[in-house]
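Throughout, protein chains are lettered first and strands after them, A, B, ... in sequence-line order, and every chain is numbered starting at 1. Remember, predicted model here, so these are calculated numbers, not experimental data.
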2 protein chains.
Amino acid sequence: MTPRTGLDLQTILEAAAKIADEQGMDNVTLAILSKKLGIRSPSLYNHVDGLNGLRQKLAEYGLTKLYDTLIKAVIGKSGDDAVFTLGEAYVHFARRHPGLYEATFHAPDPADTDLQQAGQEIVDLVVRVLEPFDLDQDSAVHAVRGLRSICHGFASLEQKGGFGIPLDVDTSFRMLLETFVAGLHELKRLSNKK
Amino acid sequence: MTPRTGLDLQTILEAAAKIADEQGMDNVTLAILSKKLGIRSPSLYNHVDGLNGLRQKLAEYGLTKLYDTLIKAVIGKSGDDAVFTLGEAYVHFARRHPGLYEATFHAPDPADTDLQQAGQEIVDLVVRVLEPFDLDQDSAVHAVRGLRSICHGFASLEQKGGFGIPLDVDTSFRMLLETFVAGLHELKRLSNKK
DNA sequence: ATTTATAAACTAATAACGTTAGTTTTATAT
DNA sequence: ATATAAAACTAACGTTATTAGTTTATAAAT
């Protein structure tokens with residue numbers, strides 16, 4: 001004896017992501033979402049644990065979509081080139097999916113296991129991209145944090161309209177990545193000297 | 001004939017900043033704020049244009065406090081040292097005032113003149129800190145964007161609990177700044193070669 | 001074909017919030 | 001003492017999220 005088939009989580013998350021991208025994360029409400037789906041807002045509780053539950057799932061959904069984008073981008077690339085490609089795919093994702101990207105950081109429970117794991121997959125990917133740089137274990141962790149900070153910081157500031165001056169932002173980001181990569185090589189050279 | 005003297009904006013913003021820091025930006029509501037101030041929520045409209053107006057003012061307040069912190073930190077410093085000091089003061093501010101720092105990015109109208117000016121002061125400060133690196137005009141703008149991205153990205157990720165692994169975060173950030181500075185020197189060396 | 005179990009979707013109701021309108025209060029300058 | 005202007009108030013409304021309880025539809029079992 002099985003129940004009737006209604007909405008599924010995937011449909012709900014896609015609709016929520018669309019609202020986030022088009023109207024901003026603030027407008028991802030149960031009221032607006034349910035209207036878009038053609039149901040009443042209490043019905044959403046059959047699929048998601050309230051607004052917080054929706055935000056949690058949406059954050060996870062966003063991270064896995066980001067991961068899919070990144071891994072497709074770096075296939076067949078290595079070394080400096082892979083770093084540039086990874087970075088550019090990251091900010092490109094944030095531009096294409098501003099709301100979903102924002103949702104990634106709006107999880108009510110950042111310590112949730114599923115969410116952590118989705119984030120860890122991205123970290124592991126960045127670790128692999130940085131492997132050719134021959135960093136020791138600790139330095140590798142530091143470098144991953146660095147590259148994530150660069151990508152997220154740039155994407156976030158760009159989204160918030162932080163770059164007022166009319167100077168090409170792609171060039172800015174490319175130069176930032178080049179500076180980072182050059183710095184990695186340089187620090188490695190210095191440590192090899194000893 | 002002057003009116004009675006009630007609350008002033010400064011008091012309101014300080015209370016709002018405290019709520020933001022202690023309970024998160026989501027709890028900066030007119031209801032909670034007015035309760036903390038011992039007045040009814042509609043009375044806040046005498047000082048601030050609703051919740052959006054409060055958020056706008058709070059963002060501006062946060063930027064000026066950040067600017068004050070940064071400028072005090074870099075006084076008497078120059079070159080690489082000034083960059084390290086600036087960056088560390090930045091993330092230190094974000095740690096001490098997590099909610100107020102977050103508020104900085106939650107202005108309903110990012111294009112507002114007063115807010116833009118508050119942000120521009122910080123940009124100008126970073127420009128001056130990077131002057132010793134002898135960058136041409138465009139490169140200087142790119143470098144400022146880069147350093148801002150690094151600082152904001154790191155602060156933001158740290159705040160969101162993005163760094164799971166138990167490896168010292170201060171070391172991570174220091175190394176990121178060192179990588180950036182080394183990269184700047186290296187790129188400069190390369191461009192001088194021609 | 002009929003029955004039945006199950007979950008999806010519903011209605012109704014409540015509490016909290018932001019906001020507006022209109023009234024009262026109170027400190028100060030005359 | 002009095003008039004004024006703004007601060008603070010009460011009352012009310014619309015919108016949310018949320019809970020409780022009811023109805024409905026569908027897939028499987030008879």
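Spacing between atom CD1 of A:Ile39 and atom P of D:dT18 amounts to 14 Å, rounded to whole angstrom units. The separation between B:Leu33 atom CG and D:dA8 atom P is 12 Å, rounded to whole Å. B:Arg55 has its CZ atom 13 Å from the P atom of C:dC17, to the nearest Å. Distance CG (B:Asp26) to P (D:dT16): 18 Å, rounded to an integer number of Å. Atom-to-atom, CG of B:Leu30 to C1' of C:dT19 comes out at 9 Å; the value is rounded to the nearest Å. For the pair B:Ile12 CD1 and D:dA6 P, the computed distance is 16 Å after rounding to whole Å. Regarding A:Tyr45, its OH atom lies at a distance of 18 Å from the P atom of C:dA13, rounded to whole Å. In this structure, the CZ atom of A:Arg40 is 8 Å from the C1' atom of C:dC10, given to the nearest Å.
Of the charged side-chain nitrogens involved, none lies within less than 4.0 Å of a carboxylate oxygen, so that A:Arg55 and A:Asp109 do not count as a salt-bridged pair.
Residue A:Leu7 has its side chain nearest to C:dA9 when only D:dC9, C:dA9, D:dA17 are considered. Minimum atom distance to the side chain of B:Leu51 is reached by C:dG18, of the listed D:dT18, D:dA17, C:dG18.
Mapped onto DNA chain D by nearest heavy atom, B:Pro42 and A:Asp49 fall at different nucleotides, with B:Pro42 at the one closer to the 5' end.
Taking the ring centroids of B:His152 and B:Tyr90, they lie at or beyond the 6.0 Å cut-off. With ring centers used as reference points, A:Phe163 lies 6.0 Å or more from A:Phe173. The six-membered or imidazole ring of A:Tyr101 lies away from that of A:His97, with a centre-to-centre distance of 6.0 Å or more.
For the pair A:Ser43 and C:dC10, the criterion of a side-chain N or O lying under 4.0 Å from OP1 or OP2 is met. Taking 4.0 angstrom as the limit, A:His47 places a side-chain polar atom (N or O) nearer than this to OP1 or OP2 of C:dA9.
A:Ser139 places no side-chain N or O within donor-acceptor distance of the main-chain N or O of A:Leu135, the cut-off being under 3.5 Å.
At a cut-off of 3.5 angstrom, counting only N and O atoms as typed in the model, there is no donor on one side facing an acceptor on the other between the side-chain of B:Asn46 and the base of D:dA6.
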